[in-house]
Structures are given as C-alpha cells and as structure tokens.
Amino acid sequence: IISCEKEPFLGWTETLSAAGGLTYAVTMGLLHFVHMTQKMTVDLVPCDYVSNGILAVTAYTAKGPPATLNLLHVSSSIARPVTMQYYTDTMLEHVKYNPYYKQVFHPYCTPVTDDRLFKFYMQVYEKLPTKAMQIYSSLPILGSKDMKEKVKMYASVQAKLEDMQTIFDYFLTQQWIYELKMADIIWRSMSPSDQKEFCFDCSQINWKNALEGYSYGIRRFYLREDC
C-alpha cells in the first residue's frame, strides 16, 4: 500500500512502512544496491483505493445473507500492472528534480538479481567504506570525537537498512498475481455514482501521477518538508 492518489489528496501518507522504507532509503542516497527482480510486476495499491474497497465490501456484505464472509482483493497486478523498474525509475526521476533538503548522498539504485553478487556489492561498496571511516575516525590527530559519532550513527543506519533488505528480500524477488473475481462482482453491483465516490477499480490508477505523488507525499507529510 502506497500513498493516496486522489483522496483526501495526492500523496497523503503518514507512514514509511513496506515500500516506503526502502524508497526513502534509496531516494535519500543511503541505499544504492537492492536485491530485486527488475522486470517483475509489483502489486502496489494507493491507500484510498484500499479504504474504498473496505467500505464497498462492508456495504455489499451487509446487504447479503447473514454470516457471510466476503474476501476482497484490491490489487493492481492484473488490473493495472506496474514493474519494479518503472517504480524505481519514476521515483528517482522525481527526486532528481525534487531532492530532500537533508539528502545524504546522490540517489541512484542498482538492481541486482543474483544474491551472491548483491552481497559482494554490499560488502565492497557499503560496508568496507564504513569500516575504513571507523578506523580513520579513531586515528590520533586525523580523527575526532565528532567524526566518531557521525560514523557510528551511519554504521547503525546501514545495519538497519541491511535488516530491512533481509525482511523484504522475498517480496522483491518474487511475483504475485491476485485474481479479482469478488472485486468484479462488487464493482458491478454498485451504481455509477457509488463507483465514482468509492472507487477501488485499480485499472483507473495513473501510475506516473500516483508514484510522483508518493515521492512528494513522503517529503511533505512524513518528513514535514516544505515542497
């Protein structure tokens, strides 16, 4: 689930959970290598589509037989598929011209499919430079207490990012396609006015608009930056 596309307004979000955490790390320039399958379909859904789906299935269930359980998938994988490559390219293109005020390094994302190659890149380009800075900051004359603290903080952030990658590794290298049978049934049962008011039809998502809005929303509503 990503930020809202339409309601209450474009980009609204209050969390960095799931996709937001990795997106923030990459666009801040803190993470440059991601273990993922670039051309796979990733099932992203704007938050307002999900909330509308919850309201729609609740109303549909209330009208049906007692003790009926209806399972609704609000999913883009069939209705409006988007790839990991399009997602990362769009987010990075937007942040290129709209960088965070406190951006750490130049943001870029190198997708790595092979697990061993990914670990090699992380070791050479991420961990070894940090280790070298830890040693440098401890040297007499050259190092300083302030430098030690900064390197320690960066090493801590790096460790958390590594843990986060481990958690999401399976979801970034696998693909799921959800069927929408119940969604189609509920959608057809709704009046045109209800479909407009409580839209959960993912075929209507404008991905460029939604993803640029997500990038904006992380800055504006989560980080509280003026933008």
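- No side-chain donor-acceptor contact under 3.5 Å links H35 to the backbone of K119.
- The shortest distance between side-chain heavy atoms of K127 and E162 falls below 4.5 Å.
- In the hydrophobic clustering of ILVMFWY residues, with side-chain heavy atoms under 4.5 Å counting as a link, W12 and L211 come out apart.
- Side chain to side chain, D201 and S203 meet the donor-acceptor criterion of an N or O pair below 3.5 Å.
- Between R219 and V95, the closest side-chain pair of non-hydrogen atoms is not below 4.5 Å.
- The number of heavy-atom neighbours closer than 6.0 Å to OH of Y108, taken from other residues, nucleotides and ligands shown, is above 12.
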Checklist line | Steps toward side chain to side chain contact (heavy atoms under 4.5 Å, CB included) verdict (L31, Q165) | finding: CA-CA 10 Å; L31 185 65; Q165 287 236 61; 3.3 Å; yes
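- Of the possible polar contacts, none joining the Q123 side chain to the L128 backbone as a donor-acceptor pair under 3.5 Å is found.
- Within the 3.5 Å criterion, the main-chain N or O of R220 finds no donor-acceptor partner in the side chain of E225.
- Between F221 and Y216, the ring-plane angle classifies as perpendicular under the 30° and 60° cut-offs.
- Using a 4.5 Å cut-off on side-chain heavy atoms (C-beta onward), C109 and H32 make no contact.
- Without hydrogens or angle criteria, N98 side chain to H94 main chain gives a donor-acceptor distance under 3.5 Å.
- Shown here for W187 and Q195, the closest heavy-atom pair between the two residues is O-NE2, 2.8 Å.
- The environment of OH in Y24 is sparse: at most 12 heavy-atom neighbours from other residues, nucleotides or ligands sit within 6.0 Å.
- Heavy-atom minimum distance, A155 versus Q134: CB-NE2, 3.6 Å.
- Closest heavy-atom contact between N209 and L10: O-CD1, 3.6 Å.
- Here the closest heavy-atom approach between residue V157 and residue L30 is recorded as CG1-CD1, 4.2 Å.
- Here the straight-line distance linking atom CD of E179 with atom OG of S75 works out to 10.0 Å at 0.5 Å rounding.
- Other residues, nucleotides and ligands contribute only 12 or fewer heavy atoms inside 6.0 Å of the OH atom of Y125.
- Look at E212 and K208 and you find a salt bridge, because one of the NZ, NE, NH1 or NH2 atoms lies within 4.0 Å of a carboxylate O, short of that distance.
- Within the 4.5 Å cutoff, no side-chain heavy atoms of M182 are placed close to those of L71.
- Neither I78 nor W176 shares a network with the other; the hydrophobic side chains, linked directly or stepwise wherever heavy atoms of I, L, V, M, F, W or Y lie under 4.5 Å apart, form separate groups for each.
- Atom CD1 of I218 and atom CE of M91 lie 4.5 Å apart (nearest 0.5 Å).
- Between the R80 side chain and the I205 main chain, a donor and an acceptor come within less than 3.5 Å of each other.
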With side-chain hydrogen bond (donor to acceptor under 3.5 Å, both in side chains) as the criterion, how do Y214 and T23 come out once you've worked through the C-alpha distance, each side chain's angles and the decisive distance to 0.1 Å? CA-CA 10 Å; Y214 192 22; T23 299; 5.2 Å; no
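- Residue L180 comes nearest to A79 through the heavy atom pair CD1-CB, 3.9 Å, listed as atom of the first residue, atom of the second, then distance.
- Between the D48 side chain and the C4 main chain, no donor and acceptor come within less than 3.5 Å of each other.
- A donor and an acceptor atom, one from each side chain of T15 and Y222, are nowhere located under 3.5 Å apart.
- The side chain to side chain contact (heavy atoms under 4.5 Å, CB included) test with F118 is passed by exactly one of T173, V34, V112: V112.
- Judged by distance alone, with hydrogens and angles left aside, the side-chain atoms of E126 form no donor-acceptor pair with the main-chain N or O of Q158 at under 3.5 Å.
- Of all heavy-atom pairs spanning M28 and K102, the tightest one is CE-O, 3.1 Å.
- For S77 (side chain) and Y178 (main-chain N/O), a donor-acceptor pair under 3.5 Å exists by modelled atom type.
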Trace of the ring pair (Phe, Tyr, Trp, His ring centres under 6.0 Å) decision for Y87 with W207
CA-CA 9 Å; Y87 176 76; W207 278 123; 8.4 Å; no
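- Heavy-atom contacts from other residues, nucleotides or ligands closer than 6.0 Å to CG of L72 number more than 12.
- Within 6.0 Å of CD in Q174 there are more than 12 heavy atoms belonging to other residues, nucleotides or ligands.
- Side-chain rings of Y49 and F200 stay apart, their centers remaining 6.0 Å or farther from each other.
- Through direct or relayed side-chain contacts under 4.5 Å between Ile, Leu, Val, Met, Phe, Trp and Tyr, Y136 connects to M133, L139, L142, M147, V151.
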